[in-house]
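Below is one structure, written out as structure tokens; comments come after it.
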Amino acid sequence: MSKSLPYSMKDVHYDNAKFRQRSFVKVITQSLLTSNAKHDCLSCSTGKFLALLMIFGLACLMFTHKSTPHSVSQGQAEGIKVNKEVKGISDSGGRFQRFWRKPPRLPPQLPPDEKGSIDNLPHELQKLNTDSKWVDRQQRVQKAFIHAWSGYKMYAMGYDELMPLSQQGVDGLGGLGATVVDALDTALIMGADEVVSEAGLWIETHLSDRISKKGQVNLFETTIRVLGGLLSAYHLSGGEQGTNLTHKGPKPTVYLETARNLADRLLLAFTSSPTSIPFSDVVLHDPSAHRAPDGLSSTAEVSTVQLEFNYLSTVSGDPRYSIEAMKVLEHIKDLPKVEGLVPIYISPDSGEFSGENIRLGSRGDSYYEYLIKVWLQQGRNRDSNFTYLYDMYEEAMKGVRHLLVQKSIPNGLVFVGELPYGPKGSFSPKMDHLVCFLPGTLALGATKGLTKEKAMKENLLKFEDLENLKLAEDLAKTCFEMYSVTSTGLAPEIAYFHTEEYSEHGLDGGNKNSKFVNDIIIKHADRHNLLRPETVESLFILYRITEDPKYQEWGWQIFEAFEKYTKVDSGGYSSLEDVTVLPPRRRDKMETFFLGETLKYFYLLFGDRSVIPLDKYVFNTEAHPLPIKGS
């Protein structure tokens, strides 16, 4: 052993012969009978006393004697020999020996550093096995992404979406090759170089021409999918000294120039409107902007373009994009609200909200998401001019807790309902799958992207933050149960919850083994699944912030269900018609967000927490990461 021993080497290097044992009889005989001097001495009383004293002393010495420790280097054979010799003494000593025995030497002690490493060995091995498990699962997600892309490339390259069952493409988003752009930064993050090359080449070769020739597109959908995807790819491929995740594909400037070409046309939706609220649609080849058929814009849509336009102004040096987009939120700031909550429609002509329908599902959801994210985007040196966004977010979350949150019966799932007729109307226990973005947003707003542990140590969490974080975890549980309550393990598009005021029988999810089978009601028209990402998004954010591995396990269960029931052998993945029956009927559609969001969030959920950290990036509502200023 190279380490110093806890005893002296003097105790080890000795002559074993000096300690060989002689019989007790020999000792007495030699002591008393071998010399005349000793015999003479015994003839007197004093001599007898001294002789007896000497005998007693020798006996004590023999009874208390034990072998001295020997060095390990002397070998097994010598050790066995010494042990045999000692055994005779031990057997003859009895109780008297035990009474006089000295305390035994302690065995050599390992230094604290070595002891700690050995004690921790099982934990380290367990951590290694756990890490290996999640690396394997992350690779499974990458294979799923490659399978989805291969189907798209084979049957629908250049179209917006793949129809995997009929093996053809369809343009449902304006014909800008939305799947190509939506999938690109996912491929960059995964290191799928071949996909990066193929998608990048298509963008470089075709997209600018498409932008100049195509017709009507929706401002919101085109901004979050195409503009957001181009800007994220620009950063992740090394633009603005961003994270150069791959050397494949075109130069980053190709993505930026294409983004500007598109954004210049989309700006018309803002500049053509008589108010700060933009029109909903733009004709690209004119270019011109137009109202929706009913004249109204969606509140979520007009307030969910700011991250993208702000970042474009930052990297292009042109402030027009940010100025026009931020006018929307500045305008909404001064409009009347219901405890921070807003109706889902707004008029670009009057600039006022239309109707009283309040919900965090479709047409309402990402308004609340962007309040906190646009504020976070400003970075550590956040301009005080943006403080109103955080104030609006805080007020809205208080309104959610007060007006929209209830619990189901019999098992108390926490859910977010709707007020279809405003605060004075009846409460609806309806919750879209889209609402499952909220747990992630609540957690992000509470810790500002830091882990809960770090935020607590730095004393950054207010009472409201802790309330929001608790609500986030409760809602994430509900969103997960919306999956596990069905026969397929996949969530419906919309769920209702059993309450004291609302109940319907015969409309459960089909999984009779679920504890919550009587809490969740799924109507026939709502049983489809579109491969949506919102639950996985929230699991990813909550795992990053709480570091609780249950969110990874929940995510893995959902991923396995997607693999089992939506994978198409010839390539791609399909939506489902009804998640409550086996086998489920399929829909002939693979949404772009399956590659752009769902699989990306799975991959990040199962991977290293340092990849795209939440205190350095904000994800737009289509999961395209954009850097926080100054990060």
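None of these values were measured; they are calculated from a predicted model.
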Which distance, rounded to the nearest 0.5 Å, do you find between the [atom1] of [X] and the [atom2] of [Y]?
X	Y	atom1	atom2	value
Ile189	Tyr603	CD1	OH	9.0 Å
Glu221	Glu301	CD	CD	6.5 Å
Thr621	Glu308	OG1	CD	8.5 Å
Arg210	Trp202	CZ	CH2	4.5 Å
Phe540	Ile612	CZ	CD1	8.0 Å
Leu490	Gln557	CG	CD	11.5 Å

**Item:** Any residue meeting side-chain hydrogen bond (donor to acceptor under 3.5 Å, both in side chains) with Thr478, in chain and number order, not counting sequence neighbours
**Value:**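 Here no residue qualifies.
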In plain terms, say whether [X] and [Y] are close enough for a salt bridge, that is, a side-chain N and a carboxylate O under 4.0 Å apart.
X	Y	answer
Arg291	Asp349	yes
Asp209	Lys213	yes
Asp365	Arg359	no
Glu161	Lys589	yes

Taking every non-hydrogen atom, the tightest pair across [X] and [Y]:
X	Y	result
Gly317	Pro319	O-CD, 3.5 Å
Tyr551	Ala476	CE2-CB, 4.2 Å
Lys214	Leu176	CG-CD2, 4.0 Å
Ala233	Leu188	CA-CD1, 3.8 Å
Ser313	Ser322	OG-N, 2.9 Å
Leu162	Gly571	CD2-O, 4.1 Å

Is the closest side-chain donor-acceptor distance between [X] and [Y] under 3.5 Å?
X	Y	value
Ser316	Asp318	no
Tyr152	His147	no
Ser570	Gln167	yes
His433	Thr535	yes

**Item:** Side-chain (Ser273) to main-chain (Pro348) donor-acceptor, under 3.5 angstrom
**Value:**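 Checked: pair present.
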Please tell me if the side chains of [X] and [Y] come closer than 4.5 Å, counting only heavy atoms from C-beta onward.
X	Y	value
Leu434	Leu360	no
His624	Phe619	no
Val135	Gln139	yes
Ser303	Tyr370	no
Leu389	Ile372	no
Ser538	Leu438	no
Pro278	Leu219	yes

**Prompt:** Of Asn620, Thr592, Asp182, Asn218, which meets side-chain hydrogen bond (donor to acceptor under 3.5 Å, both in side chains) against Arg225?
**Reply:**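 When Asn620, Thr592, Asp182, Asn218 are each tested with Arg225, the side-chain hydrogen bond (donor to acceptor under 3.5 Å, both in side chains) holds only for Thr592.
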**Evaluation steps, side chain to side chain donor-acceptor pair (under 3.5 Å), between Thr275 and His331** = CA-CA 9 Å; Thr275 67; His331 177 81; 5.7 Å; no
**Request:** Might you work through the salt bridge (charged side-chain N to carboxylate O under 4.0 Å, His left out) test for Asp264 and Arg260, ending with a clear yes or no?
**Result:** CA-CA 6 Å; Asp264 286 342; Arg260 291 197 69 175; 5.3 Å; no
**Message:** side chain to side chain donor-acceptor pair (under 3.5 Å) for Arg586 and Tyr565? Distances and angles first, verdict last.
**Reply:** CA-CA 9 Å; Arg586 298 188 175 212; Tyr565 293 112; over 6 Å; no
**Asked** Under 30°, 30 to 60°, or over 60°: which ring-plane class applies to Tyr234 and Tyr311, parallel, tilted or perpendicular?
**Response**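 Answer is tilted, since the angle falls between 30° and 60°.
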**Message:** Ring-plane angle category for Phe480 and Trp554, please: parallel below 30°, perpendicular beyond 60°, tilted otherwise.
**Reply:**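 It falls in the parallel class, under 30°.
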**Prompt:** Under the criterion ring pair (Phe, Tyr, Trp, His ring centres under 6.0 Å), which of Phe309, Tyr321, Phe279 is the partner of Phe270?
**Reply:**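 Considering Phe309, Tyr321, Phe279, a ring pair (Phe, Tyr, Trp, His ring centres under 6.0 Å) with Phe270 is found only for Phe309.
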**Request:** In sequence, state the C-alpha distance, the side-chain angles, and the governing distance for Glu324 and Lys327, and then conclude on salt bridge (charged side-chain N to carboxylate O under 4.0 Å, His left out).
**Result:** CA-CA 5 Å; Glu324 292 299 331; Lys327 283 180 181 178; 3.5 Å; yes
**Request:** Start with the C-alpha distance between Tyr393 and Trp375, add both sets of side-chain angles, then the distance that settles ring pair (Phe, Tyr, Trp, His ring centres under 6.0 Å), and finish with yes or no.
**Result:** CA-CA 10 Å; Tyr393 167 79; Trp375 178 77; 8.8 Å; no
**Asked** Would Asp185 and Lys600 satisfy salt bridge (charged side-chain N to carboxylate O under 4.0 Å, His left out), going step by step from the backbone distance to the final call?
**Response** CA-CA 9 Å; Asp185 63 355; Lys600 182 186 293 159; 2.7 Å; yes
**Request:** Could you check Arg527 against Glu493 for salt bridge (charged side-chain N to carboxylate O under 4.0 Å, His left out), going step by step and ending with a plain yes or no?
**Result:** CA-CA 6 Å; Arg527 296 184 170 190; Glu493 179 72 359; over 6 Å; no
**Request:** Step through the shown structure and confirm whether more than 12 heavy atoms of other residues, nucleotides or ligands are within 6.0 Å of OH on Tyr159.
**Result:**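 Check fails, neighbour count at 12 or below.
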**Message:** Other residues, nucleotides and ligands only: do more than 12 of their heavy atoms fall within 6.0 Å of CG on Asp569?
**Reply:**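 No, the 6.0 Å shell around CG holds no more than 12 heavy atoms from other groups.
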Acceptor/donor pairs from residues 194-201 side chains to any protein atom, 3.5 angstrom cut, sequence neighbours excluded:
| unit_1 | atom_1 | unit_2 | atom_2 | d |
| --- | --- | --- | --- | --- |
| Ser197 | OG | Asp193 | O | 3.1 |
| Glu198 | OE1 | Trp149 | NE1 | 2.7 |
| Glu198 | OE2 | Lys153 | NZ | 3.0 |

**Request:** Would you mind telling me which of Leu531, Leu595, Thr598 makes a side-chain contact (heavy atoms from CB on, under 4.5 Å) with Tyr573?
**Result:**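 Running side-chain contact (heavy atoms from CB on, under 4.5 Å) over Leu531, Leu595, Thr598 with Tyr573 returns exactly one hit, Leu531.
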**Tyr617 and His235: CA distance, side-chain angles, deciding distance, side chain to side chain donor-acceptor pair (under 3.5 Å) verdict** = CA-CA 11 Å; Tyr617 287 87; His235 176 79; 2.9 Å; yes
